[in-house]
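Okay, so here's the structure we're looking at.
Just so it is clear, the values below take in all heavy atoms, side chains as well, and ignore hydrogens, waters and symmetry mates. Each residue takes its place number in the sequence, starting with 1.
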Amino acid sequence: MKKGMALLKRYRFFLLMLLISLGLLIVSPETGINVFRMTGDNLLEMASVLPPIFVLLGLLDVWVEREAMVRYMGAGSGVKGVLLAFLLGSAAAGPLYAAFPVAVVLLKKGAKLSNVFLFIGAWATTKLPLLLFEAASLGARFMLIRFAFNVVGIALIAFLLEKSLSKADIAELNRKVGGGEQAA
């Protein structure tokens, strides 16, 4: 009984959305069919993107030693860690939701929290193919201005996010991902 209630609680949002979608299917069949079609398309996209990401994560987890991650992206990494986080995020491929499992592995391996935030921000906004497309379509000047604003904005947000978390919050996050303690 407790297990069933725990499952209901855990998946309550999914179940609510399913009920709403089924209700929509009854009230407006055309819209309901579109909802289920779009959901199926999104699930297929995720199924094609996530397996390669998880294989790469497994390789990262096995091949990259924790000491190396701490040295290059940990608390004492300085500018080297910031640049590496931006480079990894900008060179990444795939939708933003694929960045979060990578971020968990980075945290688990001892990357500094602000560097993980930088990585996610770079993944979201400074991907190299996007920059090349912008330069070709909107001009190099526009691309460079947007890139500069993104770099400053991402860095500021990453710094503020890390500073806004208490040591207890960071310790709890590390406990959840199985990572070590970080120096704040």
Side-chain angles (χ1 to χ4, degrees), residues 10 13 42 45-46 48-135 138-184:
R10 183 174 186 175
F13 182 74
N42 287 333
E45 179 188 344
M46 286 178 63
S48 69
V49 169
L50 288 180
I53 295 289
F54 285 130
V55 167
L56 290 173
L57 287 177
L59 294 174
L60 176 68
D61 201 19
V62 171
W63 287 348
V64 178
E65 294 181 14
R66 179 171 168 68
E67 294 76 25
M69 184 63 71
V70 169
R71 184 172 50 251
Y72 292 114
M73 288 186 71
S77 62
V79 174
K80 177 174 46 179
V82 169
L83 293 175
L84 187 56
F86 265 108
L87 180 65
L88 287 174
S90 295
L96 183 58
Y97 59 79
F100 295 104
V102 177
V104 169
V105 171
L106 292 175
L107 285 172
K108 181 180 171 189
K109 289 286 188 174
K112 185 177 176 184
L113 192 55
S114 61
N115 286 342
V116 174
F117 291 147
L118 289 168
F119 165 77
I120 293 171
W123 187 306
T125 61
T126 63
K127 288 187 181 173
L128 295 176
L130 175 63
L131 295 175
L132 295 173
F133 173 77
E134 281 181 359
L138 303 170
R141 184 173 180 218
F142 173 85
M143 183 270 298
L144 289 171
I145 291 170
R146 187 194 69 80
F147 180 76
F149 275 106
N150 280 147
V151 168
V152 171
I154 291 167
L156 184 63
I157 290 168
F159 174 78
L160 291 174
L161 277 173
E162 185 177 59
K163 292 301 174 195
S164 71
L165 294 172
S166 69
K167 289 186 186 231
D169 292 334
I170 293 172
E172 174 68 11
L173 179 63
N174 283 319
R175 184 191 64 75
K176 284 184 177 179
V177 300
E181 294 300 314
Q182 293 182 2

Could I get the full list of side-chain contact (heavy atoms from CB on, under 4.5 Å) partners for Y97, not counting sequence neighbours?
E45, M46, V49, L50, P95
I'd like to check [X] versus [Y] (side-chain heavy atoms, cut-off strictly below 4.5 Å). Are they in contact?
X: L113; Y: I170; answer: yes
X: F119; Y: L106; answer: yes
X: I120; Y: I154; answer: no
X: K112; Y: E162; answer: yes
X: S166; Y: D169; answer: yes
X: S114; Y: L161; answer: no
X: L138; Y: R146; answer: no

Ignoring hydrogens, what is the shortest heavy-atom contact between [X] and [Y]? Give both atom names and the distance.
X: F86; Y: V151; value: CZ-O, 3.8 Å
X: F54; Y: P101; value: CE2-CB, 3.8 Å
X: N115; Y: G74; value: ND2-O, 4.1 Å
X: N174; Y: L107; value: OD1-O, 4.4 Å
X: A103; Y: V116; value: CB-CG1, 3.5 Å
X: M73; Y: L88; value: SD-CD1, 3.9 Å

Would you confirm whether [X], through its side chain, and [Y], through its main-chain N or O, come within 3.5 Å as a donor-acceptor pair?
X: W123; Y: A91; answer: no
X: K109; Y: V70; answer: no
X: S90; Y: T126; answer: yes

Euclidean distance, [Y] [atom2] relative to [X] [atom1], rounded to 0.5 Å:
X: M69; Y: K108; atom1: CE; atom2: NZ; value: 11.5 Å
X: L173; Y: L165; atom1: CG; atom2: CG; value: 8.0 Å
X: F133; Y: L128; atom1: CZ; atom2: CG; value: 15.0 Å
X: L144; Y: E134; atom1: CG; atom2: CD; value: 10.0 Å

Inspect the surroundings of CD in E65 and state if more than 12 heavy atoms from other residues, nucleotides or ligands are less than 6.0 Å away.
no
